[in-house]
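Note on naming: letters A, B, ... go to the chains in the order of the sequence lines (proteins, then strands), and numbering restarts at 1 for each one. Being a predicted model, the structure only gives us computed values, none of them experimental.
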There are 2 protein chains.
Amino acid sequence: MARFPETSSSSRERARQSVTLQDIAAHAGVSRSTVSLVLRDSPLVADATRTRVQASIKALGYVYNRGAAALRASRTFTLGVVVYDIANPFFGAMVAGIDSVLHRENYVSFLANSEDSPERQQRFLERMREQRVDGLLLCPAEGTDPALLTQLVDWNMPCVQVLRHIGTPPFDYASTDFELGVRQAVDHLVTLGHRRIVFLGGDARHSATQARHRGYHEAMRAHSLDDVHRVIRGAVTRRAGFDAVQHLMQESPRPTAVICHNDLMALGVMLGLQRLGLVPGEDCAVVGTDDIEEAALSMPALTSVATHPYAIGEEAARLAMRRIANPDGAREQVVLTPRLQVRHSCAPIPTPEKTSYRRYPHATLDA
Amino acid sequence: MARFPETSSSSRERARQSVTLQDIAAHAGVSRSTVSLVLRDSPLVADATRTRVQASIKALGYVYNRGAAALRASRTFTLGVVVYDIANPFFGAMVAGIDSVLHRENYVSFLANSEDSPERQQRFLERMREQRVDGLLLCPAEGTDPALLTQLVDWNMPCVQVLRHIGTPPFDYASTDFELGVRQAVDHLVTLGHRRIVFLGGDARHSATQARHRGYHEAMRAHSLDDVHRVIRGAVTRRAGFDAVQHLMQESPRPTAVICHNDLMALGVMLGLQRLGLVPGEDCAVVGTDDIEEAALSMPALTSVATHPYAIGEEAARLAMRRIANPDGAREQVVLTPRLQVRHSCAPIPTPEKTSYRRYPHATLDA
DNA sequence: CCTCGTTTTTGGATTGATCCAAATCTGTTG
DNA sequence: CAACAGATTTGGATCAATCCAAAAACGAGG
């Protein structure tokens, strides 16, 4: 692979060896240091020199060696990003948001999919330390030991938690107010006349699930519906939604509305209702969370709490940039406000004098 | 940040400076070189020495410095991955497949979302060169200059193209046989009695679109349906599918089936049919491509050409590993065979003596 | 022309690992 | 016990940048 040096190790003579600062310096008639300053856009160098050096860089086809730079400098302009399920479209959108910000900032990111395994996550984080990334964006895997946070502090590694969080404040965090989101959903349903409202999903002990449950309980209490409040724990997949609703609808009196941990579940619930010969939205109102693209497409179109994954990704990345620029600044929590996207999956409870006026909502792609 | 050196630069004295190979060597009573060999799992070191060194590594809390290693060694155990739309669930699944293989191989990857911009892609690739990644997984952005391939050869940078390809063989490539997939779809529809089959979508000039069109044309010709063959070019979004079918259904005679460039389009088409008061599958058969998770959920469940994104990701990553291990080996093309996943969105054309026996298919999550 | 304060430029030290040829340590064997 | 092969270990050179204190160049004012 590496060619045997022909006679001497004179930098001029090496065949296709890589071009270094030294070579540029010789070509432009300046010192290594000056070239280095030009590469880093330092204001110290005179314009004429800068132009000349840049010409030499282009002429010799120089390639900056980030490894060498990293060895001496404190920053690497790299970041580590950990999500637990990249196949979930929610995270796809979030990563797109992260990427857009990092691109503007000349940063580049390592991505890992922890599959909700703390061990796998830990291994990746250690690798990131070896790579000397400037910081981390972390959606902590289910069951992550809160001690991880102090470990990262020991490592002197900036970390922005995203969506979920472990440990206790202060820490950097970017997410959506899931609690508020669920409250909005309950309020909406109550306004439509619903009372027997079930919250579906969320086995996990992590913060994002807890916040949803808290929002549900509080909203139900605020409407004096403590007696009918009901949380069904379990997985948060399409299949789980499909199955859960089968059981739910056999009860009597049966719920008139379900709020789901995420949209995938909600879509599963709607399918489950159809399987039972029921009309989603009419026979049982359904609200999802996230407002993924598919929500607008379902029949009927799904009412969902929009959590704006792309924006969360952007905010998280921006917060990381701030923290890297100012490592000792006060920790920040950027919590976006969700918005209830009302579509057609929640009909009002028919009152005696008012019959269901619309048997099937219109198909639409709007909103 | 970096503390002022108190008296001497003796490595023992520096306060919280990082632990280096030198320190480990001193602690374990061996040389730097030996420690380095232990770190790289070399078979050269004696077991007793290895054990002793590993103990020292643990005792001193040593952190491997990948930047320093990269400076001297030829491999970095990093890879660059470029996709053009990470928010698309197809790519999410693909990236998950890539990640699973890389994790096993002790590799870590940079991810970029090109948003189908060749400029953005180029910038990322140059950055990857600076990072000295061992190789690339590239889903080339629409409109990428085929000269990029020779550029990468000049750079001496292994590159596996994924899904789409530019340039002419030989090159490394991992994908699915889109041509065959469309042929399967046409065959299926023809078997059900369809003749006026339209292919929908694909404005782009890249290989994946061309392969689909080729498959369509050839299958139609094979069934002597040249006279009715019809490709409608355009975007490949939900919206595009929704809009296109509105126009299509106003024609007379109207098509009895549409094959879509991807599932998102197909779902849009089904929604468009509903908007027109038509029953998807009955009044017009619909076939998608990709078989994303949502396909099984739609009403009716979408028949789709499964392209196995996770498997493509795995194959692409494995191919990259092979290429890195053997840079001069023969280029490989790993082309997976798609499978037509038949569900309920394609009813047979009713023959005079046989009326439509089922007005609405069953909701199901199966398959 | 000399001084003084900026603005630019510079060379040597440093960063932390790997490479590689040579040295050293084993254990056989004649 | 010397010779030798094989298994281990080693030190110096090297990779390609940044840091930093000091030198050089420059321009203005006396």
Got [X] and [Y] here, is their nearest side-chain heavy-atom distance under 4.5 Å?
X        : Y        : answer
B:Pro140 : B:Gln161 : yes
A:Arg52  : A:Val30  : yes
B:Phe110 : A:Thr78  : yes
B:Met157 : B:Gln151 : no
A:Thr144 : A:Gln121 : yes

Legend entry - Test side chain to side chain donor-acceptor pair (under 3.5 Å) applied to A:Arg323 - qualifying residues, sequence neighbours left out: A:Asp172
Find the distance [X]:[atom1] to [N]:[atom2] and express it as a whole number of Å.
X        : N      : atom1 : atom2 : answer
B:Leu21  : D:dT9  : CG    : C1'   : 15 Å
B:Arg132 : D:dC15 : CZ    : C1'   : 10 Å
A:Gln22  : D:dA17 : CD    : P     : 10 Å

[N] phosphate, OP1 or OP2: any side-chain N/O from [X] under 4.0 angstrom?
X       : N      : value
A:Arg32 : D:dC19 : no
B:Thr20 : C:dT15 : no
A:Thr34 : C:dT10 : yes

Inset, instruction - Scan for salt bridge (Lys or Arg N to Asp or Glu O under 4.0 Å) pairs involving residues 58-71 of chain B, sequence neighbours excluded, and state none if there are none. - result: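 Non-adjacent pairs meeting salt bridge (Lys or Arg N to Asp or Glu O under 4.0 Å): A:Glu130-B:Arg66.
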What are the atom names and distances for every N/O pair under 3.5 Å that joins the protein to nucleotides 22-28 of chain C?
none

Legend entry - Donor-acceptor contact present, side-chain B:Asn113 to main-chain A:Ala96, <3.5 Å: no
Legend entry - Residue whose nearest DNA chain D nucleotide is more 5′ - A:Ala73 or B:Leu37: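 Comparing both residues, the 5'-ward one is B:Leu37.
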Legend entry - N/O donor-acceptor pair, side chain A:Ser31 with base C:dG11, under 3.5 angstrom: no
Inset, instruction - Ignoring hydrogens and angles, state whether a donor on the side chain of B:Asn106 or A:Arg123 is under 3.5 Å from an acceptor on the partner side chain. - result: yes
Legend entry - Pairs meeting criterion ring-ring contact (aromatic ring centres under 6.0 Å, His included) with involvement of residues 40-86 of chain A, two or more places apart: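 Sorted result for residues 40-86 of chain A: A:Phe77-A:Tyr107, A:Tyr84-A:Phe91.
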Legend entry - Neighbours of DNA chain D within residues 43-51 of chain B, by heavy-atom distance under 4.0 Å: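 B:Leu44, B:Val45, B:Ala46, B:Thr49 - these, ordered by number, are the residues of the stretch whose heavy atoms sit under 4.0 Å from the strand.
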Legend entry - Identified side-chain contact (heavy atoms from CB on, under 4.5 Å) partner of B:Leu79 from the options B:Val160, B:Leu137, B:Leu111: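 Of the listed options, the one satisfying the test is B:Leu137.
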Legend entry - Close residues, residues 52-72 of chain B, relative to DNA chain C [heavy-atom separation under 4.0 Å]: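 Within this stretch, B:Tyr62, B:Val63, B:Tyr64, B:Asn65, B:Ala68, B:Ala69, B:Leu71, B:Arg72 sit under 4.0 Å of the strand.
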